[in-house]
Amino acid sequence: MEKEYEIRTGCERGLCHQAIGRQDRQLNTYDWLADVPGNQESTDLVEVQFKHTRKGYYHNVNNLPLKKGDIVAVEASPGHDIGVVTLTGRLVKLQIKKANLKSADDIKRVYRLAREIDMQKYHESKAREHETMIESRQIAKGLGLDMKIGDVEYQGDGQKAIFYYIADERVDFRQLIKDLAAAFHVRIEMKQIGARQEAGRIGGTGPCGRELCCATWMKNFVSVSTNAARFQDISLNPQKLAGMCAKLKCCMNYEVDDYIEAGRRLPSREVVLQTLDSDYYFFKSDILAGLVTYSTDKKMAVNLETISAERARQIIEMNRRGEKPETLTEGGKAEPEKTSIDLAGGDISRFDKAKKKKKKKKPQGKKDEQKNQ
């Protein structure tokens, strides 16, 4: 432990200005002023991050040469807490504005760089968190409270514990606080979080095969509605639309603006295209590619024709003038259908075929002897 502490706080201490660590990078701020001379001396404010997504802002009243990645002991109520410096310099003032701190009393002090005895207490407190969480769930269940305690965070000196809980309705946990304080002999603080915040704290792998966005880089959670699925022509299947938190996937909002803009260039689905040979009804569309597929039957896929949105608008304009083209496709030539590429390629049974063994060639001398005989 002492060796690890020396690595993180030695003469070359501090991490790069780009990140502070894998598990905390969702709250990382790229410090593009890190190499500017006098950046750190411009303010005594520093940003300190604790477990998961909790962070605070503190005054470096002792003028410590703090760098990003330093482990520090900061003022808490009561006692002190242990955290990691995640930002220094002018950008901290901008972060404070985003945090919308209501009063200057919310900004406390940095005491010192964490000592070995501080780290020992810190690790002892952290080792109690899982056991405390399990026992606190049993206490809440015994009181008949409709809530779930998702995580417990001990303060660096072990004098205080924050219980993160999830509840659909308002919970009266006054008796719970008394029972928790009597069981663990610490000061109790209750914080309510949502299902998305819990998924971000726990982490996991999404259906895309990558780590959850809320556990890696997302800072704020924007509401997601089923309209995002409708704009993108996604099947309204609750099992496919829900993420690990049982809420609608946050990634549905990533491309919805592009789909809305591209969808405005497509013709209305209610319009029927009239040609000399038949009437064509909307069947499906490729929104981003700007292609529309029409069918001669209103409910089934019959004589499908795929044309561009521009060609569809041309036919609609012709129909308004009382004209009908010979065919949907321009010039009577059908557009070539896009064939899907099979990345596997070939017949998969080729792996089952055994390699033919090559026959061994007999030496030339033995062949001549057999001929002479």
Side-chain angles (χ1 to χ4, degrees), residues 25-27 53 168 193-273 279-317 319 328-330 334-344:
R25 64 175 176 260
Q26 70 266 36
L27 291 183
T53 57
D168 295 331
I193 59 175
R196 298 180 189 273
Q197 285 83 356
E198 184 193 25
R201 296 178 70 86
I202 297 174
T205 303
C208 60
R210 304 190 64 177
E211 195 174 357
L212 297 180
C213 297
C214 55
T216 51
W217 61 271
M218 287 188 69
K219 298 180 181 179
N220 302 315
F221 295 96
V222 182
S223 60
V224 186
S225 66
T226 53
N227 288 332
R230 293 189 179 95
F231 286 129
Q232 300 175 69
D233 274 347
I234 301 175
S235 175
L236 298 178
N237 186 344
Q239 295 180 349
K240 293 184 178 180
L241 296 182
M244 301 294 288
C245 58
K247 303 291 184 180
L248 293 176
K249 295 178 182 176
C250 296
C251 56
M252 288 172 54
N253 279 347
Y254 295 168
E255 298 178 346
V256 66
D257 292 337
D258 292 334
Y259 274 90
I260 293 175
E261 184 178 353
R264 291 171 181 167
R265 296 191 289 267
L266 298 180
S268 174
R269 300 188 177 194
E270 306 298 329
V271 177
V272 180
L273 303 187
D279 291 344
Y280 287 86
Y281 302 90
F282 177 88
F283 182 71
K284 65 177 183 178
S285 63
D286 189 337
I287 300 176
L288 296 182
L291 300 177
V292 189
T293 302
Y294 288 90
S295 170
T296 54
D297 192 280
K298 196 171 184 179
K299 298 181 180 179
M300 299 176 61
V302 180
N303 301 326
L304 297 180
E305 292 284 353
T306 301
I307 60 176
S308 65
E310 183 180 358
R311 174 59 179 169
R313 287 195 297 270
Q314 291 177 359
I315 297 176
I316 293 173
E317 188 63 28
N319 293 157
L328 280 188
T329 55
E330 192 172 2
E335 295 187 0
E337 294 184 0
K338 293 185 177 181
T339 57
S340 58
I341 301 175
D342 185 9
L343 297 180

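All residue numbers refer to positions in the sequence shown, counting from 1.
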Item to check | Where D258 and L288 come nearest, the two heavy atoms and their spacing | outcome: O-CD2, 4.4 Å
Checklist entry - Taking all non-hydrogen atoms of both residues, which atom of A309 and which atom of V292 are closest, and how far apart? => result CA-CG2, 4.5 Å
Next on the checklist: If we ignore hydrogens and angles and just use 3.5 Å, is the side chain of S295 paired with the main-chain N or O of F283 as donor and acceptor?
Outcome noted: no
Checklist entry - Does L328 offer a backbone N or O that forms a donor-acceptor pair with the side chain of R311 under 3.5 Å? => result yes
Checklist entry - Side-chain contact, heavy-atom cut-off 4.5 Å: I202 with Q197? => result no
Checklist outcome for this item: For T226 and L248 the tightest heavy-atom approach is N-CD1, 3.9 Å
Item to check | T293 side chain to T306 backbone, donor-acceptor under 3.5 Å | outcome: no
Table please: side-chain donor-acceptor pairs of residues 231-247 below 3.5 Å, with sequence neighbours left out.
| from | atom 1 | to | atom 2 | distance (Å) |
| --- | --- | --- | --- | --- |
| Q232 | NE2 | A228 | O | 2.9 |
| Q232 | NE2 | M252 | O | 2.8 |
| D233 | OD1 | R269 | NH2 | 2.8 |
| D233 | OD2 | R269 | NH2 | 3.3 |
| N237 | OD1 | Q239 | N | 3.2 |

Next on the checklist: Could you measure the distance from the CG atom of D286 to the OG atom of S308? Nearest 0.5 Å is fine.
Outcome noted: 12.0 Å
Item to check | Any donor-acceptor N/O pair, S285 side chain to I287 backbone, under 3.5 Å | outcome: no
Item to check | Trace of the side chain to side chain contact (heavy atoms under 4.5 Å, CB included) decision for Y294 with Y281 | outcome: CA-CA 5 Å; Y294 288 90; Y281 302 90; 5.6 Å; no
Checklist entry - Is there a donor-acceptor contact under 3.5 Å from the side chain of N253 to the main chain of S223? => result yes
Item to check | Whether over 12 other heavy atoms sit under 6.0 Å from E261 CD | outcome: no
Next on the checklist: Is it the case that the side chain of R313 and the backbone of R265 share a donor-acceptor pair, with hydrogens and angles ignored and the cut-off at 3.5 Å?
Outcome noted: yes
Checklist entry - Which one of T296, I307, D297, L304 satisfies the side-chain contact (heavy atoms from CB on, under 4.5 Å) criterion with Y280? => result T296
Checklist entry - Just wondering, do V222 and C250 contact through their side chains at under 4.5 Å, heavy atoms? => result no
